[in-house]
Amino acid sequence: MSIQPRILSALRPQFRYARVALPSRSRPMSLLPQAAKAGFSSSVLHRKDQPKAAHPSKHESRPLRSGEPVAEHVKEDESKRAGLPEEPMEGPPPLYSSATSHHLDRGPIAPLAALSAHELFFLKNRTILITGGGRGLGLTIAHACLESGASVRCMDLLPEPSQPQWKLAEDLARSKGLQISYHQLDVTDQDQVHQVFSDLFATNSQETPHQPIRGLFTSAGIQIMMSALDYSTEKFRKVIDVDLTGTFLCAQAFAKEWFKRHPDMDGRAGMEGASIAMTGSMSGHIANLGIECAAYNASKAGVNQLAKNLALEWSKKGIRVNTLSPGYIRTALTAAQLEEKPELNKIWLQGSLLGRLSTPDEFRGPVLYLLSDASSFMTGSDLLVDGGHCAT
Ligand SMILES: NC(=O)c1ccc[n+]([C@@H]2O[C@H](COP(=O)([O-])OP(=O)(O)OC[C@H]3O[C@@H](n4cnc5c(N)ncnc54)[C@H](O)[C@@H]3O)[C@@H](O)[C@H]2O)c1
């Protein structure tokens, strides 16, 4: 029976695993049940031209001359993948003996390996600060942080946070023995920002030292839809002030307070470092069909670029900085836009590969990822979560 190339490529993962995971003589037999399940004739597995061991370390090293392709042999036999160790790791993650795995007495080299995969996403034993935490995406993320084990401090321009969501968050915090508090703050006011952040860090050190502040999620933002020709300087600056400058001021205040308390931290992953996740937008990457909002989009592009620069300055000192770029979310912000221009709904849906707008809860996973140790090697980067909008 001839095997169609298409079928072969669909089953390639089984083949690769079989080739490398088992001693060559036992391979075909061990593979039989798996191959039968996959609808394969066992004769296929005995083909003489099956490639041998694929681990790169098993190839003779060869001297390289300038201009030569480094991974030439990949063309000859695609199973020999340069640089990719294909042999599965056996057994549990490595245990750390002080003799082999400590680096200059600065702790284990891979401290996160001791955590199970799902524990990586926990925010236990820490406090997260959230701007724009009075409603919308910010308040949803406050819930998610509490669910994941963190205490939260929400800041917003609103005199009071949105109900009933705030009450639900308070109930959740109480039920888990965590803390939640609300602080009115204008993120564009540098003195106020520094005062509030300084107070929060000081109170936290005194009252909940077992839950140190280790994360900031910036969600405060405004949007003004307006033709570029009509913007007054004041209106343009207002958007840049809140969305970009406000994000910067909060990140700056956070970093100042954090570095004061952690002067000797380095870029080691997780466990003790801090993470700043800033809300950018897919609008920082594209211009949105159907709406005119040059200031907003410029501000969000600025947030993406800001994060890269802060990451450059702060990552080696212990603070990772990344952005989240959401697509359209159903919140008060978009509700106002849709009310002003109902035809937007259709235009926005056309751009979504999923054929729908998102809801704030869909960003809990991405933000928990950015704030937690799960993203320990990610900094200066952007997480685009837009239902595929920017893919076309
Ligand atoms: N809704 C969307 O489709 C969408 C898409 C991409 C990105 N975003 C971004 O997500 C973030 C949250 O937006 P949202 O949809 O939850 O909107 P939202 O209006 O519900 O929330 C924004 C919050 O920011 C607060 N805020 C505004 N100005 C402030 C200031 N000067 N100081 C402090 N707080 C201030 C508001 O009071 C509000 O609570 C924003 O940065 C927004 O640009 C939203």
Side-chain angles (χ1 to χ4, degrees), residues 129-144 153-163 165-166 169 182-193 196-197 216-225 237-251 253 277-286 288 290-291 293 295-304 306-307 323-339 344-345 347-349 351-352 356-364 366-367 370 382-387 389-390:
L129 310 186
I130 300 175
T131 74
R135 72 174 190 206
L137 180 63
L139 185 44
T140 303
I141 296 304
H143 274 257
R153 310 289 180 200
C154 293
M155 296 160 268
D156 201 295
L157 192 61
L158 298 170
E160 299 290 336
S162 220
Q163 296 292 1
Q165 290 86 350
W166 184 259
Y182 185 77
H183 311 265
Q184 195 177 10
L185 169 72
D186 180 351
V187 295
T188 64
D189 181 336
Q190 185 170 25
D191 292 342
Q192 206 189 350
V193 167
V196 168
F197 275 70
L216 168 67
F217 178 61
T218 65
S219 189
I222 56 167
Q223 160 72 298
I224 297 179
M225 288 198 292
R237 282 192 177 141
K238 175 81 186 160
V239 177
I240 301 288
D241 256 12
V242 177
D243 293 2
L244 178 56
T245 314
T247 300
F248 168 69
L249 292 177
C250 292
M278 300 171 167
T279 307
S281 170
M282 71 171 182
S283 306
H285 299 266
I286 46 117
N288 306 61
I291 44 176
C293 48
Y296 179 81
N297 289 17
S299 76
K300 291 298 184 180
V303 170
N304 288 342
L306 174 68
T323 46
L324 168 78
S325 285
Y328 298 115
I329 320 169
R330 289 193 180 278
T331 62
L333 191 143
T334 40
Q337 293 174 309
L338 290 167
E339 199 175 317
L344 281 180
N345 197 43
I347 298 171
W348 287 352
L349 291 183
S352 165
R356 62 180 178 83
L357 308 189
S358 67
T359 49
D361 60 286
E362 295 188 271
F363 296 89
R364 290 179 302 165
V367 177
L370 291 176
D382 179 52
L383 189 54
L384 181 62
V385 184
D386 67 345
H389 194 103
C390 295

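Order of appearance sets the numbers: ligands from 1, and atoms from 1 within every ligand.
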Closest to atom 14 (P) of ligand 1 among protein heavy atoms sits T331 OG1, 3.6 Å

Under 4.0 Å from one or more heavy atoms of L185, ligand 1 contributes atoms 32 (N), 33 (C)

Closest heavy-atom approach to atom 3 (O) of ligand 1 among D189, I329, V239, T218 is made by I329

Which of T334, D386, N345, N288 passes side chain to side chain donor-acceptor pair (under 3.5 Å) with Y328? Answer is N288

- Query: Any sub-3.5 Å donor-acceptor pair from N297's side-chain atoms to I286's backbone N or O?
  - Reply: yes

Nearest non-hydrogen contact to atom 36 (C) of ligand 1 from the set T247, L357, D156 belongs to D156

Here the atoms of ligand 1 under 4.0 Å from any heavy atom belonging to T279 are 9 (C), 10 (O), 11 (C)

Looking at V187, I222, L158, L139, the heavy atom closest to atom 27 (C) of ligand 1 belongs to I222

Ligand 1 to G327, heavy atom cutoff 4.0 Å, flagged ligand atoms 3 (O), 5 (C), 6 (C)

Open item on the list: With a cutoff of 4.0 Å, is S219 in contact with ligand 1, counting heavy atoms of the residue only?
Closed with: yes

Of all protein heavy atoms, the one nearest atom 20 (O) of ligand 1 is R135 NE, 3.0 Å

Ligand 1 to S281, heavy atom cutoff 4.0 Å, flagged ligand atoms 6 (C), 7 (C)

Of Q223, K300, M278, the residue with the heavy atom nearest atom 41 (O) of ligand 1 is K300

Partner of T323 under side chain to side chain donor-acceptor pair (under 3.5 Å), picked from N304, T247, T218, T279, is N304

If you count the non-hydrogen atoms of other residues, nucleotides and ligands that lie under 6.0 Å from CD in E339, is the total more than 12? no

Practice prompt. State if T131 counts as touching ligand 1 under the rule of any non-hydrogen atom under 4.0 Å.
Written response: no

- prompt: Within a reach of under 6.0 Å around CD of Q184, are more than 12 heavy atoms found that belong to other residues, nucleotides or ligands?
  reply: yes

Note: ligand 1 atoms sitting under 4.0 Å from heavy atoms of D186 are 30 (C), 31 (N), 32 (N)

Here the gap from L384 atom CG to H285 atom NE2, rounded to the nearest 0.5 Å, amounts to 5.0 Å

Here the atoms of ligand 1 under 4.0 Å from any heavy atom belonging to T334 are 1 (N), 2 (C), 3 (O)

A student checking ligand 1 against Y328 at a 4.0 Å heavy-atom cut-off should list atoms 3 (O)

among protein heavy atoms, the one nearest atom 34 (N) of ligand 1 is L157 N, 3.2 Å

Check if S325 has a non-hydrogen atom at a distance under 4.0 Å from any atom of ligand 1. no

Quick note on ligand 1: atoms under 4.0 Å from a heavy atom of G280 include exactly 7 (C)

